[in-house]
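Throughout, protein chains are lettered first and strands after them, A, B, ... in sequence-line order, and every chain is numbered starting at 1.
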Number of protein chains: 4
Amino acid sequence: MSQNSPLDLRVRRTRKLLRDALVALIAEHGYEAVRISDVCDRAMINRATFYRHFADKGHLLVHCMDDVFEDLQQRINPPPRRAEEIDLSAGYQNIVTLFTHVSEHAAFYRVMLGEAGAGAFRSRIQQILERVLEQRWEQARHAHRHPPRLAPALTLRYQTTAMIGLIQWWVEQGCAETPLAMAQAALDLMLHGVGWAFGLDEALIAANITV
Amino acid sequence: MSQNSPLDLRVRRTRKLLRDALVALIAEHGYEAVRISDVCDRAMINRATFYRHFADKGHLLVHCMDDVFEDLQQRINPPPRRAEEIDLSAGYQNIVTLFTHVSEHAAFYRVMLGEAGAGAFRSRIQQILERVLEQRWEQARHAHRHPPRLAPALTLRYQTTAMIGLIQWWVEQGCAETPLAMAQAALDLMLHGVGWAFGLDEALIAANITV
Amino acid sequence: MSQNSPLDLRVRRTRKLLRDALVALIAEHGYEAVRISDVCDRAMINRATFYRHFADKGHLLVHCMDDVFEDLQQRINPPPRRAEEIDLSAGYQNIVTLFTHVSEHAAFYRVMLGEAGAGAFRSRIQQILERVLEQRWEQARHAHRHPPRLAPALTLRYQTTAMIGLIQWWVEQGCAETPLAMAQAALDLMLHGVGWAFGLDEALIAANITV
Amino acid sequence: MSQNSPLDLRVRRTRKLLRDALVALIAEHGYEAVRISDVCDRAMINRATFYRHFADKGHLLVHCMDDVFEDLQQRINPPPRRAEEIDLSAGYQNIVTLFTHVSEHAAFYRVMLGEAGAGAFRSRIQQILERVLEQRWEQARHAHRHPPRLAPALTLRYQTTAMIGLIQWWVEQGCAETPLAMAQAALDLMLHGVGWAFGLDEALIAANITV
DNA sequence: ACGTAAGCGAGACGGTACGTCGCGTCTTACC
DNA sequence: GGTAAGACGCGACGTACCGTCTCGCTTACGT
């Protein structure tokens, strides 16, 4: 039997060691501060070998992100096949899944979304969330009574960056709340707005719409 | 005493040249890609002189950010002196001011919030917004009928990161909308939520609250 | 014994390919510039296979030199069996043989004696010539009227390096002269000196001996 | 007073340290075996600084050779201004000067002419000697009774390489003989030939000319 | 002739040196 | 006294070549 695995065992081992070392070091010192030689030392991989696999630190980072996001995509992506179930519970499920996934990579998310993280990470997860949210919105379109009240692109950006903010806050707190609680909070904020969350009186809110 | 007199003209000139050069170069190549020697070349300042004023690139960046945020703080910070005017119009005014300020530094915001920007910038503006929003929320507290429905820290983070997302989206579009339109959109999203913006039926929203 | 049986066909083939490749590449780029991987590419031999046969580039070079010098030794070495024939014609014959041999490996000699050649080659051929010349001198000793007028070691070195100089000059010229002409010139220089070759007057030479 | 010296003191110091280190290390390990980092370590110069002065090892070597050969050229070059003194004593003086110079750089010559030396050195000194000898031969031309009996280029090469052989032999012996003795031997070999030095009978030599 | 031990191709890997780049410090000379 | 010019130590970078090491395949040799 010839091994039909795509890559030599040694190759996979080397890449995994490098990935793990990078993640650990970013968590310790931040992305920019990590030197390729540090990664190699930690991974116990020769520096020349690093360059046989990745052109530079950024490529290894992408490799790491692929690792994380692949997991996320596989759990979130499958959209509801039966278009009739337009309730938001599927969306809620997705949000729960998202927070669960985050909690499983909490350390990575904490540092990557932090000040010392890599901008590429934030923009990539933002795109992923945007794509997912847009898809769901497209599928739910016929259930709407009204046309969109604001430019969808704007709304999408608002919601996705806000979600990332929630995630960042949560992992900074050490994931104190359960993923379900976070998902519920996210859904509430999405549906009722920040004013509601702050406890503003509905009448006050309604009154100020016209301002 | 000459100590507290405004700095030597040459010093101020040098620092301004360096600031301008850094901003221009970040806009062209991104923060990390900018070399101190590039900044000096652009500013036509000797590299040794740079080090007489700033310890490193980060310190110059802080200097630049101070320049921008000082402007913002001065326009936004003054809280409503008369606590009785608890209408949201003051908040709305603040938001207009914010977007106006952003439009005046659009290039800077675009690159600094982008993938190639500096993480420090994003986190700093986030803190500023959080502080302002928190202040306003504290002042408006007695006007609320209800206690906060979600943890205020969470809500704050949600709203401020969402605002930054809006800003980023806006400057990426070239500030096509007016600051007033953006402020109105921001306020609407804040008060009515994303579901409303997407045009979801209120009944549907209400129904799913219980999910 | 299988040990001294001629080597496996594959082994001989591999070594020959490597030898030829090295010689060709030295001729093209000089000894130091040749990389082992270049040799392997040219020879269409895997690099790992190279190391199964030679420890490094130097060992392959020695292998190549053995190839060349073995030919030379076999043609020059057999000293005059009958000690009575002490005429110089046998020495002359040897010199003719030497230049003939050189002409048959002209390309190799040209590059190996040139600036980009291997020092080991020059010193090895120098030793060979020195051994041959010393042998002949020992055999011709009883025909001398006089004891050596200069330290034999010095004279030997003078003559052998001069011969190598002649060879180098000749191959650099593309072996324009016949081997016989070169041998005659070498013998003339050996017997009559450089002054004579330049056409200096004998009286002048004699006069200046005392200087 | 502005210093009219061509180079900053630090620059000259750095280059001298590197030169000395290279010479010492070549003497110890041979040219090819010397690593640039070795040179820098020995010279207590940072490796990056090396590259600010020399593109590679070869350029530093040339710098070293210039140092040595400049000395030689200045002592040997000035040709006899008064063309009437065509005796060979001036040539003899030159040869004495050459050997004296060599004895002052004996270690350098020993290793550079040895197997581990640099081919460039040998070929460069060969060219220098050739140029000097050719000059003298041109100036002495009208004193000759006869036209050259062999191609001057060939004779030049013979003599210069032989001289280098003598030099190499001498420094290998630790310069046991005096420079004067070596110069006399060189002149004798030049004027009377190798056969004479070996003590061959003149009649024998004469008889074999016709061979 | 044919099974087997060898020679061999492929290529990952650890290592060492290379030449380059940018940083931050320092000295020197100028104005 | 501030500045220009630039040498210097430092350390990371990305590249190149070396020599070693599996792991299978195939090929010449010995019985």
Integer-rounded Å distance: dC8(F) C1' and I45(D) CD1: 9 Å
dC8(F) phosphate, OP1 or OP2: any side-chain N/O from T14(D) under 4.0 angstrom? yes
Smallest heavy-atom separation, K57(A) atom then I36(A) atom, equals N-CD1, 3.9 Å
L17(D) vs R13(D), side-chain contact (heavy atoms from CB on, under 4.5 Å): CA-CA, chis, key distance, verdict: CA-CA 6 Å; L17(D) 288 171; R13(D) 189 194 54 137; 4.2 Å; yes
Can you pull out the residues from residues 47-60 of chain A that lie within a 4.0 Å heavy-atom distance of DNA chain E? A48(A), T49(A), R52(A), H53(A)
Where along residues 17-36 of chain D does a heavy atom fall under 4.0 Å from DNA chain E? R35(D), I36(D)
Just to verify, which of L25(C), I45(C), D20(C), V23(C) counts as forming a side chain to side chain contact (heavy atoms under 4.5 Å, CB included) with V39(C)? L25(C)
In plain terms, say whether R19(C) and D66(C) are close enough for a salt bridge, that is, a side-chain N and a carboxylate O under 4.0 Å apart. no
Of the non-hydrogen atoms in L22(D) and L60(D), which two are nearest, and what is the gap between them? CD2-CG, 3.6 Å
Round to the nearest Å and state the distance from R13(C) atom CZ to dC8(E) atom C1'. 9 Å
When rounded to whole Å, the CZ to P distance for the pair R10(C) and dG7(E) reads 7 Å
Non-hydrogen atoms of R42(D) and A24(D) that approach each other most closely: NH1-CB, 3.7 Å
Once rounded to the nearest 0.5 Å, what's the spacing between atom CZ of F108(D) and atom CE of M65(D)? 7.0 Å
Side chains of D67(A) and H63(A), heavy atoms from C-beta outward: is any pair under 4.5 Å? no
If I take atom CG in residue L9(A) and atom P in nucleotide dC13(E), what distance separates them, rounded to the nearest angstrom? 10 Å
Quick check: any donor-acceptor pair below 3.5 Å linking the side-chain of N46(C) to the base of dA10(E)? yes
Spacing of D8(A) atom CG relative to dG9(E) atom C1', expressed in whole Å: 15 Å
Can you tell me how far C1' of dT27(F) sits from CG of L7(C), to the nearest Å? 16 Å
Does any non-hydrogen side-chain atom of F121(B) lie less than 4.5 Å from one of Y31(B)? no
Distance, rounded to the nearest Å, where D41(B) contributes CG and dA5(F) contributes P: 11 Å
Taking only side-chain nitrogens and oxygens of S37(C), does any of them come within less than 4.0 Å of OP1 or OP2 of dC18(F)? yes
Comparing D38(D) and D38(B) on DNA chain E - which has the more 5′ nearest nucleotide: D38(D)
